[in-house]
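As structure tokens, the structure follows; a few thoughts come after it.
Numbers here are sequence positions counted from 1.
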Amino acid sequence: MRKVNIISRWMLPLVDVSVMAGSSCSENSEETSLPSVAIKFDAQLYPLTRTDLNEKFQLSWDRGGDAIGVFATAFGSELQSEGNVLNNAKLVYDGTSWTLEGDASAQWPSDEDLDFYAYYPYDERCTNPLDITFNIQSEQADTESFASSNLMLARTIGVARGATVCMMFYPALTLVDVNFAPIDSDADETQVLLSDVCNSVKVNLAASELKAELNESSRGDVSMYPYSHSSEEGYEYRAWVPAQTVMAGSHLLKFRYSGWREMAGSTLQESLSLPSGGITAMESEFIGYLPLTRITAGEFMMGTPENESGHTYMETQHKVVLTKDYYIGTCEITNSQYAQFLNATDVPDVSGDLSYITANVEGYGVQTLFQKSPNWNVRYDSALEKWVPVLDKDNYPISYITWYGAKAYADWIGGELPTEAQWEYACRAGTTTAWSFGGDYSVISKYAWCDENSKNNGPSEVGQLEPNPWGLYDMHGNLYEWCADWFDYYYGIENLTSETEVEDPVGAESSLYKVIKGGSWLNYWHYLRSGYRNVYFPNATSDLNGFRVVFPVAE
């Protein structure tokens with residue numbers, strides 16, 4: 001389960017846009033004649049950060065190329081759709097100063113006081129200040145698109161000729177900030193999206209209340225800006241969106257993981273307000289989040305050499321070539337992850353502490369998924385009306401799971417159970433010894449929960465011991481893991497010998513049993529070897545069996 005904190009933040013920055021003639025905001029010139037006075041701009045941004053926001057949320061002009069659109073009218077005159085003293089003049093920041101683009105020598109037009117109206121960011125299409133349409137960027141994943149989605153508005157009335165024009169810029173949108181803990185895997189990329197939000201506003205700079213009106217007809221997903229990625233502090237993403245209410249029953253968040261797997265955040269139990277002028281916090285789960293490790297295609301010797309201690313005739317060593325990369329779960333599927341699946345698919349409870357829970361499994365009809373265990377896996381909480389892990393066992397691997405129960409989860413999350421070849425290749429992690437940590441089983445308790453170190457007569461929390469060379473935890477011990485393959489003594493390969501070479505094998509076409517691999521908390525070293533093979537009835541439950549999931553790499 002991956003939890004995130006979502007904070008909708010808002011601040012009141014002050015922009016000092018100056019039309020300079022040697023004077024300041026507190027020093028108005030008293031001219032008796034009308035010499036030429038160039039319109040020069042010197043803009044400064046003074047963020048007035050709210051007390052409940054830290055300094056990370058202060059705004060500043062720090063990007064050369066930032067531009068403001070400015071309109072001006074004679075003092076007291078109504079702002080018009082066209083024909084104003086200034087019409088969408090482009091005020092550009094070069095990193096140190098501001099210039100009126102295209103007319104750096106523009107003169108103050110008359111001795112009249114002027115009213116100024118402005119917006120940020122500049123858009124050459126905004127020629128009518130009474131009807132400005134602003135669309136946020138759907139892809140705010142880079143600095144440029146994120147900054148250009150921050151709509152700000154300002155106006156100041158009655159500025160005397162040659163005086164400094166001081167304008168207070170107000171953000172017209174809301175800043176959504178998402179934080180979550182680091183992802184401890186080798187996945188390529190993480191992307192966070194706001195799901196189906198209103199993404200357009202209308203602005204009238206002459207309106208009595210200077211604000212953006214929501215354009216409800218325009219909606220879409222918004223890819224958020226990766227503000228910070230820190231192994232200590234976690235990941236932080238931001239996006240500017242129009243102030244709005246996200247309705248109950250919807251998903252505010254999507255989580256795109258490894259560049260292609262997309263998961264939704266928790267369903268909102270009540271409507272969530274994202275206001276300008278307030279802060280909203282909530283907690284969400286990414287349903288279906290799994291730490292994954294990418295496995296690069298390659299070849300290896302599957303099975304065990306005849307001189308390996310414990311070798312049997314059903315472990316005939318042969319060459320296997322895996323032609324495609326794949327992702328595999330960094331850890332075994334946990335109770336909390338399996339509970340998400342049960343809740344998402346509305347699997348009903350059956351009374352009794354040791355009851356068998358059934359559901360339809362694609363291609364196999366109604367099957368037993370697992371047997372409830374009051375001490376080790378999940379229970380149905382009637383008060384919460386959902387499945388939850390039993391007390392203090394959230395991060396323990398789901399046990400008493402059938403092959404059908406493992407497959408149903410894999411189908412739901414969009415993955416597959418690993419073939420025996422995929423599983424053994426990932427377990428070996430480039431090694432040729434009996435275990436991925438070498439050939440000396442005296443150190444096995446550093447890497448595997450087994451008969452030497454298991455606690456409380458059952459499995460242990462995932463990811464607590466040393467991983468294999470490719471970063472996978474508990475490939476040896478803890479729980480046996482279901483594979484996709486039907487069992488055959490010779491791996492479903494006709495005339496198997498030590499000279500045989502096969503590509504992407506999938507096991508026998510049918511059998512009474514499914515393959516299980518890796519050994520369990522109850523077993524000693526012999527059963528924990530990388531090439532050891534065992535079997536179990538696919539509809540049977542056991543406190544020794546669990547699973548993990550693989551995903552093909554998207555082309």
Side-chain angles (χ1 to χ4, degrees), residues 1-12 50 52-53 56-57 133-141 145-153 170-181 190-203 209 211-228 234-257 261-289 340 343-344 346 384-386:
M1 175 171 61
R2 178 62 56 186
K3 293 186 177 180
V4 299
N5 293 317
I6 304 168
I7 303 177
S8 171
R9 301 183 185 268
W10 178 75
M11 64 294 289
L12 290 176
R50 296 169 60 94
D52 46 7
L53 299 178
K56 291 193 304 181
F57 291 90
T133 297
F134 182 82
N135 300 314
I136 63 171
Q137 299 284 336
S138 61
E139 295 287 338
Q140 296 184 28
S145 58
F146 172 68
S148 63
S149 292
N150 179 16
L151 176 64
M152 294 189 291
L153 307 174
Y170 293 89
L173 308 181
T174 187
L175 180 63
V176 177
D177 185 73
V178 173
N179 293 271
F180 56 93
T190 302
Q191 189 178 13
V192 180
L193 301 92
L194 300 178
S195 177
D196 192 35
V197 292
C198 293
N199 55 21
S200 178
V201 292
K202 293 280 190 179
V203 173
E209 186 176 357
K211 65 178 183 179
E213 298 289 345
L214 196 63
N215 181 4
E216 292 279 4
S217 63
S218 182
R219 310 184 68 88
D221 293 349
V222 175
S223 179
M224 302 185 75
Y225 174 62
Y227 177 79
S228 175
Y235 290 1
E236 185 171 1
Y237 286 76
R238 293 179 176 177
W240 293 102
V241 296
Q244 60 193 275
T245 297
V246 183
M247 302 307 294
S250 61
H251 301 276
L252 176 60
L253 293 175
K254 290 182 181 177
F255 185 88
R256 189 170 294 149
Y257 183 53
R261 284 196 63 231
E262 190 167 284
M263 294 154 283
S266 300
T267 302
L268 294 178
Q269 299 304 305
E270 55 186 36
S271 296
L272 176 70
S273 177
L274 301 176
S276 287
I279 296 174
T280 301
M282 63 168 284
E283 190 175 78
S284 178
E285 292 179 355
F286 283 120
I287 305 301
Y289 167 79
Q340 285 187 340
N343 293 324
D346 297 320
L384 297 176
E385 297 184 334
K386 68 178 184 177

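- Here the shortest heavy-atom pairing between Leu214 and Cys198 reads CD1-CB, 3.7 Å.
- Of the possible polar contacts, none joining the Gln140 side chain to the Ser138 backbone as a donor-acceptor pair under 3.5 Å is found.
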Test Glu236 against Asp177 for side-chain contact (heavy atoms from CB on, under 4.5 Å), laying out the working first. CA-CA 7 Å; Glu236 185 171 1; Asp177 185 73; 2.6 Å; yes

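- Within the model, atoms CD of Glu216 and OG of Ser200 stand 10.5 Å from one another, a figure rounded to the nearest 0.5 Å.
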Worked check of side-chain contact (heavy atoms from CB on, under 4.5 Å) between Lys211 and Leu153: CA-CA 8 Å; Lys211 65 178 183 179; Leu153 307 174; 5.6 Å; no

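- Judged by distance alone, with hydrogens and angles left aside, the side-chain atoms of Glu213 form no donor-acceptor pair with the main-chain N or O of Lys202 at under 3.5 Å.
- A donor-acceptor pair under 3.5 Å links the side-chain atoms of Ser271 to the main chain of Ala248, judged by distance alone.
- A donor-acceptor pair under 3.5 Å is absent between the side-chain atoms of Asn199 and the main chain of Ile136, judged by distance alone.
- At least one side-chain heavy atom of Leu175 sits under 4.5 Å from a side-chain heavy atom of Phe146.
- We find the OG-NZ distance between Ser223 and Lys254 to be 11.0 Å, quoted to the nearest 0.5 Å.
- Nearest heavy atom pair, residue Thr174 against residue Pro275, reads OG1-O, 3.1 Å.
- Side-chain atoms of Ser145 come within 3.5 Å of backbone atoms of Glu139 as a donor-acceptor pair (strictly under, hydrogens ignored).
- Here the CD atom belonging to Gln244 is positioned 9.5 Å from the CG atom belonging to Leu173, to the nearest 0.5 angstrom.
- No side-chain donor-acceptor contact under 3.5 Å links Thr267 to the backbone of His251.
- With a 4.5 Å cut-off on side-chain heavy atoms, Asp196 and Leu252 do not count as touching.
- Taken from CG in Leu272 to CG in Leu274, the straight-line distance is 5.0 Å, to the nearest 0.5 Å.
- Looking only at distances, no side-chain donor or acceptor of Ser218 sits under 3.5 Å from a matching main-chain atom of Asn215.
- Between the side chain of Gln340 and the backbone N or O of Gly288, at least one donor-acceptor pair lies under 3.5 Å.
- Contact annotation: the side chain of Asn179 never approaches that of Tyr237 to less than 4.5 Å [non-hydrogen atoms, C-beta and beyond].
- Glu270 has its side chain out of reach of Leu268: every pair of non-hydrogen atoms, C-beta onward, lies at least 4.5 Å apart.
- The shortest side-chain heavy-atom distance between Leu194 and Met224 falls under the 4.5 Å cut-off.
- Looking at Gln191, its side chain never comes within 3.5 Å of a backbone N or O of Phe255 through a donor-acceptor pair.
- Using a 4.5 Å cut-off on side-chain heavy atoms (C-beta onward), Leu193 and Val222 make no contact.
- Annotation: cation-pi geometry satisfied between Arg238 and Tyr227 (NZ/CZ under 6.0 angstrom from ring centroid, within 45° of ring axis).
- With a 4.5 Å cut-off on side-chain heavy atoms, Leu151 and Val203 count as touching.
- At least one side-chain heavy atom of Leu253 sits under 4.5 Å from a side-chain heavy atom of Val192.
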